[in-house]
Amino acid sequence: MALHRLVDCKTIDGTRISALLYTTDEVAPAIIMSHGFNCVKEMALPDVAEAFRSSGYNVLLYDARSVGASGGQPKNLVDPLQMAEDLSDIYTYVAGLPSVDSTSIFLWGLSFGATVSATAAATDRRAKAVVMLCPLFSYVKPEKADQAYAQLIRDRVSRIRGNDPYSIPPFSPKGDNPIGFGGAGGPGGIEAYTFMQAAAERGHPDFRDRITLQTYQKLAMFRPKEYLDMIKAPVMMIIPELDNISPPKEQREAFKRIKSPKKLYDAKGKGHLNIATGDGSTEMVAATVKFLKDVLDGNIE
């Protein structure tokens, strides 16, 4: 019997979301997994999804709107606020599955997907809890803003004139990008570039190592920290000690903003890109499963 199957669900505007669904044999809680920036569902996280399924959870691991096999145009326009809205519709789909206990659905997000999950939970109060793994909070470096914004407007003018959306790789070979997010210009940017290159070389289905330039406008207007105190559900934040993409200090400062019951987990010796892959995921999965069980048992204060 296959561990998972490919499914589609629809958002409120009819956009098709492609996902891998892992189901349990009996009615059980579910975890909705939101991936990192511009990542497709086949990258890195299927092993984590299988581990959660082995621990007794239904799991839905999806491609965000315009990314991978999901619908939405233009392709690879990464819009976090739209993705947060879509997550509510994905939640509704999962809640209607016959193997899912609709009162016990958890949001789990990695990096960019962590802040999207938190943003969704700020207004959609159905989630039983939220797990934020190495959340990414800042996107535009002030010294890059003027030049980047001017480039965005030139692209908008070009599109009004009938030209196709301009697209670029999220990270250059030097680990940089026009707005300076994701550890750009330092070791984190190089790590991210290498990770994306590896994904392209592996031939993951529908993966494009490009994003539309207007993605940067969406990121510039995204203020995920401002939503954290709106969350009512319990929150677990997992912070890798050696994170070069999302500074641990900033993650800790953001954690303080959360007013709902919360748990902080320090992942010693782990980085942004190895905490959810290979042997590095074992510790994270165990900590997450314990937190989810505590939530279900009512042991989170």
Side-chain angles (χ1 to χ4, degrees), residues 9 11-12 17 19 29-37 45 48-49 52 57-62 64-65 78-97 100-139 218-219 221-239 246 250-265 276 284 287-296 298-301:
C9 56
T11 65
I12 195 172
I17 300 297
I31 300 171
I32 301 173
M33 298 179 67
S34 296
H35 215 317
F37 186 83
L45 293 186
V48 177
F52 285 145
Y57 293 88
N58 295 278
V59 181
L60 188 89
L61 170 58
Y62 69 96
R65 174 189 293 253
V78 183
D79 182 347
L81 291 177
Q82 181 62 67
M83 290 166 61
E85 290 189 41
D86 292 344
L87 189 47
S88 286
D89 302 329
I90 295 167
Y91 189 108
T92 298
Y93 169 80
V94 171
L97 294 172
V100 171
D101 175 357
S102 62
T103 68
S104 300
I105 300 176
F106 300 93
L107 302 183
W108 183 100
L110 169 69
S111 186
F112 185 69
T115 45
V116 167
S117 297
T119 302
T123 56
D124 188 340
R125 306 287 172 77
R126 293 176 294 174
K128 191 74 172 178
V130 182
V131 178
M132 304 175 70
L133 180 60
C134 51
L136 184 61
F137 289 106
S138 294
Y139 298 93
K218 306 300 184 183
L219 296 181
M221 300 175 72
F222 187 38
R223 298 288 187 271
K225 293 179 187 176
E226 302 303 317
Y227 301 112
L228 294 176
D229 64 358
M230 296 169 58
I231 301 172
K232 300 296 185 182
V235 177
M236 180 183 195
M237 188 179 292
I238 302 175
I239 302 178
S246 179
E250 185 176 22
Q251 294 182 55
R252 293 180 186 281
E253 291 171 350
F255 181 77
K256 294 177 182 177
R257 292 175 176 245
I258 300 169
K259 296 181 179 179
S260 62
K262 58 188 179 180
K263 178 177 179 59
L264 179 64
Y265 185 87
M284 179 275 295
T288 301
V289 169
K290 182 181 184 305
F291 171 74
L292 301 185
K293 184 177 187 304
D294 285 343
V295 171
L296 291 170
N299 293 330
I300 296 293
E301 298 181 358

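Note that the numbering runs from 1 along the sequence shown for the chain.
Once rounded to the nearest 0.5 Å, the distance linking OH of Tyr62 with CE of Met33 reads 10.5 Å. Rounding to the nearest 0.5 Å places OH of Tyr57 at 8.5 Å from NZ of Lys293.
Contacts of Tyr91 classified as side-chain hydrogen bond (donor to acceptor under 3.5 Å, both in side chains), with partners at least two apart in sequence or in another chain: none. By the salt bridge (Lys or Arg N to Asp or Glu O under 4.0 Å) test, Asp101 pairs with no residue at all, sequence neighbours left out. Considering only residues two or more places apart in sequence or on other chains, Ser111 meets the side-chain hydrogen bond (donor to acceptor under 3.5 Å, both in side chains) condition with His272. For Lys232, there are no salt bridge (Lys or Arg N to Asp or Glu O under 4.0 Å) partners, not counting sequence neighbours. For Phe37, the ring pair (Phe, Tyr, Trp, His ring centres under 6.0 Å) partners two or more places apart in sequence, or in a different chain, are Phe112, Phe181. Listed by chain and number, the residues in a side-chain contact (heavy atoms from CB on, under 4.5 Å) with Gln82 are Arg65, Asp79, Glu85, Asp86 (sequence neighbours excluded).
Leu107 has its side chain out of reach of Ser34: every pair of non-hydrogen atoms, C-beta onward, lies at least 4.5 Å apart. Residues Leu45 and Trp108 have side chains in contact (heavy-atom distance under 4.5 Å, counting atoms from C-beta outward). Contact annotation: the side chain of Val48 approaches that of Met284 to within less than 4.5 Å [non-hydrogen atoms, C-beta and beyond].
Heavy atoms only, all atoms of each residue included: Thr288 and Ile238 are closest at OG1-CD1, 3.6 Å. Nearest approach of Ile12 to Asp89, heavy atoms of both residues: N-OD2, 2.8 Å. For the residue pair Phe291 and Val235, the shortest heavy atom distance occurs at CZ-C, 3.7 Å. Closest heavy-atom contact between Ala118 and Leu228: CB-CD2, 4.0 Å. Between Val78 and Lys218 the shortest heavy-atom distance is O-CB, 3.7 Å.
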If you look only at distance, which donor and acceptor atoms sit under 3.5 Å apart when one is on a side chain in residues 253-262 and the other is two or more places apart or in another chain?
unit_1	atom_1	unit_2	atom_2	d
Ser260	OG	Ala233	O	2.7
Lys262	NZ	Phe255	O	3.0
Lys262	NZ	Ile258	O	2.9

Pairs under 3.5 angstrom only: tabulate donor-acceptor contacts from the side chains of residues 119-138 to other protein residues two or more places apart or in another chain.
unit_1	atom_1	unit_2	atom_2	d
Thr119	OG1	Thr115	O	2.8
Asp124	OD1	Arg126	N	3.2
Asp124	OD1	Arg126	NE	2.9
Asp124	OD2	Ser88	OG	2.8
Asp124	OD2	Arg126	NE	3.3
Asp124	OD2	Arg126	NH2	2.7
Arg125	NE	Ala122	O	2.9
Arg125	NH2	Ala122	O	3.0
Arg125	NH2	Met230	O	3.2
Arg126	NH1	Thr92	OG1	3.0
Arg126	NH2	Ser88	O	2.9
Arg126	NH2	Thr92	OG1	3.3
Ser138	OG	Glu250	OE1	3.3
Ser138	OG	Glu250	OE2	2.3

(request) Go through Ile300 and Met236 one step at a time and tell me if the side-chain contact (heavy atoms from CB on, under 4.5 Å) criterion holds. (result) CA-CA 10 Å; Ile300 296 293; Met236 180 183 195; over 6 Å; no
(request) Give the intermediate values and the outcome of side-chain contact (heavy atoms from CB on, under 4.5 Å) for residues Ile17 and Tyr93. (result) CA-CA 11 Å; Ile17 300 297; Tyr93 169 80; over 6 Å; no
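When Ile31, Leu60, Ile32, Asn58 are each tested for a side-chain contact (heavy atoms from CB on, under 4.5 Å) with Ile105, only one passes: Ile32.
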